[in-house]
Amino acid sequence: MTSTEDTIAAIATPIGQAGIGIIRISGPLSLEIAEKVFKPKTPQSLLKSHRLTMGYVCDPHSGDVIDEVLLSFMAAPNSYTREDVVEINSHSGYTLLSGILAILMDLGARMAKPGEFTQRAFLNGRIDLSQAEAVVDLMNARSERGLVLAAQQIRGSIKRDTEALRKKAIHILANAEAAIDFPEDDVEHLFRDEGAEFIEKNLVQPIDNLINAHAGRIWVDGINTVIVGRVNSGKSSLLNRLLNEPKAIVTDIPGTTRDVIEATFNISGIPLRIMDTAGLREVKNEVERLGIHLTRQKTAEADLLLIIIDRSRPLNRDDRDILAQCENKKALVVVNKIDLPPSEGYTEKADFLNRFTTVEISALTGQGIDRLKKAIHDAILSDDVLAVTTSHAVPNLRHRKALKTARKCFLNASIKARSNAPMEIVAFELISGLDHLGEVTGQTIDDEVLNSIFSQFCLGK
Ligand SMILES: Nc1nc2c(ncn2[C@@H]2O[C@H](COP(=O)(O)OP(=O)(O)OP(=O)(O)O)[C@@H](O)[C@H]2O)c(=O)[nH]1
Ligand SMILES: [Mg+2]
């Protein structure tokens, strides 16, 4: 785990030309370093906490002015990290910003790692882990609703729900332990049924609700939508048509697309991450084989599949293989090239029409595209997603995993309580459940997991 004894610094704004650039410093030396590089415009103005001061960044050795800046000092604990924080708003430009950063390093700061400022906010107890993760969600949110959910999580939506569950679990654990400590009283007898009922009603069920609310993550992460189909069926043409721009190469040569081409767009505010893939067929060519391998991988991970069938050609084995692979997945069949006459006997052979929701389009002319968008919209919102989108706390994958394990422990505890198993076992299950709840907020978590979470952040955050 990172030590918070030292002082860290980083450029907090994206590198490149911009109006301003911000350098952030956090740690015990922040103020001392700031005073060495910064000369206020009015000499009598001391650096006051939570005030902006105008002045100059100067080379501490030569005294040369490097830039005119605004500097803010936020004294601990009322800062992002709960440490002394200084932010220098300078003009932007990589050479200028890295020059100032180099001086800060000379004066005793060290380069911050990605996410280290937020990691300190977590380690110093200002935010829990779910709030720290929401910072990344806020930056990456793919829809307005995703932004709202991330903002709620930063304000503690997941934290509050998890804390409430922990309190209930601690309460029931105390009862179980009383039953262990005072076997002569009737505590144990009482606990068996009442305790089990309490666990089911106050722990297992609310955790179930929380796990189901995970579906609302589509607003933050976007729907993983993968276009699959045999070669030349019009996958790339469809991607381009949906995006209204020529993103993928389209040719009449089978096997044109080899890599996965990804883009993001919205259908009525629902964010879709859409991927065009290599057409599936038997191949000997190594590059195409790798492309097809990637397609299968993406198909397995997809939230929604768009299976393209070229109606102008007879169905072949590749089409049937793809349809079979998608049988138990959320998928729409997109019948393409309806501007051309259908292949002979197409309708009789198209038995998939009964098994999948089907939309007819022409990626070439644009016919049917609006119907397809409507069908995608309905497919996404057909299940529980709509029901849970009113939920405030929307767990991410990591939270869901921890919640599922916690649920299992609590369910075991209630089963064991009812089945007259020793109370020690009941208590053990409750303690394990509590530990897993603690993973959500970061109270009980490996350093390795922590580091991997914070490494997803950008520098300066
Ligand atoms: N007439 C007609 N031609 C189409 C339509 N959609 C695609 N095509 C043509 O079909 C050929 C293949 O289109 P692509 O979009 O490259 O097909 P693909 O599925 O991406 O092909 P691969 O990447 O090789 O697997 C091109 O010549 C397109 O112009 C359509 O709706 N109607
Ligand atoms: Mg293609």
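Position 1 is the first residue of the sequence; numbering continues from there. Indexing begins at 1, ligand by ligand and atom by atom, following the structure's order.
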Looking only at protein heavy atoms, which one is nearest to [atom], and how far off is it?
| atom | answer |
| --- | --- |
| atom 29 (O) of ligand 1 | V250 CG1, 3.8 Å |
| atom 1 (N) of ligand 1 | D339 OD2, 2.9 Å |
| atom 12 (C) of ligand 1 | N232 OD1, 2.9 Å |
| atom 7 (C) of ligand 1 | S237 OG, 3.2 Å |
| atom 25 (O) of ligand 1 | K235 NZ, 2.9 Å |
| atom 9 (C) of ligand 1 | K337 NZ, 4.0 Å |

Exam field: side chain N232 to backbone D252, donor-acceptor pair closer than 3.5 Å: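 Present.
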
E327 and F356, any side-chain heavy atoms less than 4.5 Å apart: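 The answer is yes, as the side chains (C-beta and beyond) meet within the 4.5 Å cut-off.
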
Geometric cation-pi criterion K461 and F454, 6.0 Å radius, 45° cone: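 No, cation not above the ring by the 6.0 Å, 45° rule.
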
Charged tip of R24 within 45° of Y80 ring normal and under 6.0 Å: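 Yes; both conditions hold, so R24 lies above the ring face of Y80.
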
Passing option when R230 is tested against D310, D319, D318 for salt bridge (charged side-chain N to carboxylate O under 4.0 Å, His left out): D319

Taking only heavy atoms of [X], which atoms of ligand 1 are found under 4.0 Å from at least one of them?
| X | result |
| --- | --- |
| L340 | 1 (N) |
| D252 | 27 (O) |
| G279 | 25 (O) |
| V231 | 25 (O) |

Tell me which part of [X] gets within contact of ligand 1: side chain, backbone, both or neither, using heavy atoms under 4.0 Å.
| X | result |
| --- | --- |
| T251 | backbone |
| S312 | neither |
| N336 | side chain |
| T257 | both |
| T365 | neither |

For [X], is at least one N or O under 3.5 Å away from an N or O on ligand 1?
| X | result |
| --- | --- |
| P254 | no |
| G234 | yes |
| G255 | yes |
| I338 | no |

Candidate pair E133 and R398, rule salt bridge (charged side-chain N to carboxylate O under 4.0 Å, His left out), full reasoning: CA-CA 10 Å; E133 287 170 302; R398 189 188 70 77; 2.8 Å; yes

Contact check: N232 to the Mg ion (ligand 2), N/O/S below 2.8 Å: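 It does not; every qualifying atom lies at 2.8 Å or beyond.
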
T256 N/O/S atom closer than 2.8 Å to the Mg ion (ligand 2): no

Test item: side-chain donor near acceptor, T257 and S236, under 3.5 Å: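 S236 and T257 do have a side-chain donor-acceptor pair below 3.5 Å.
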
Residue pair S26 / T81, side-chain donor-acceptor N/O under 3.5 Å: yes

I253 near ligand 1 by a heavy-atom separation under 4.0 Å: yes

Which value, rounded to the nearest 0.5 Å, describes the distance between [X] atom [atom1] and [Y] atom [atom2]?
| X | Y | atom1 | atom2 | result |
| --- | --- | --- | --- | --- |
| I292 | Q297 | CD1 | CD | 13.5 Å |
| F352 | I322 | CZ | CD1 | 11.5 Å |
| Q367 | D339 | CD | CG | 7.5 Å |

Positive for side chain to side chain contact (heavy atoms under 4.5 Å, CB included) with I11, one of L459, I100, L101: L101

Verdict with supporting geometry, K374 and D370, salt bridge (charged side-chain N to carboxylate O under 4.0 Å, His left out): CA-CA 6 Å; K374 169 92 176 51; D370 285 341; over 6 Å; no

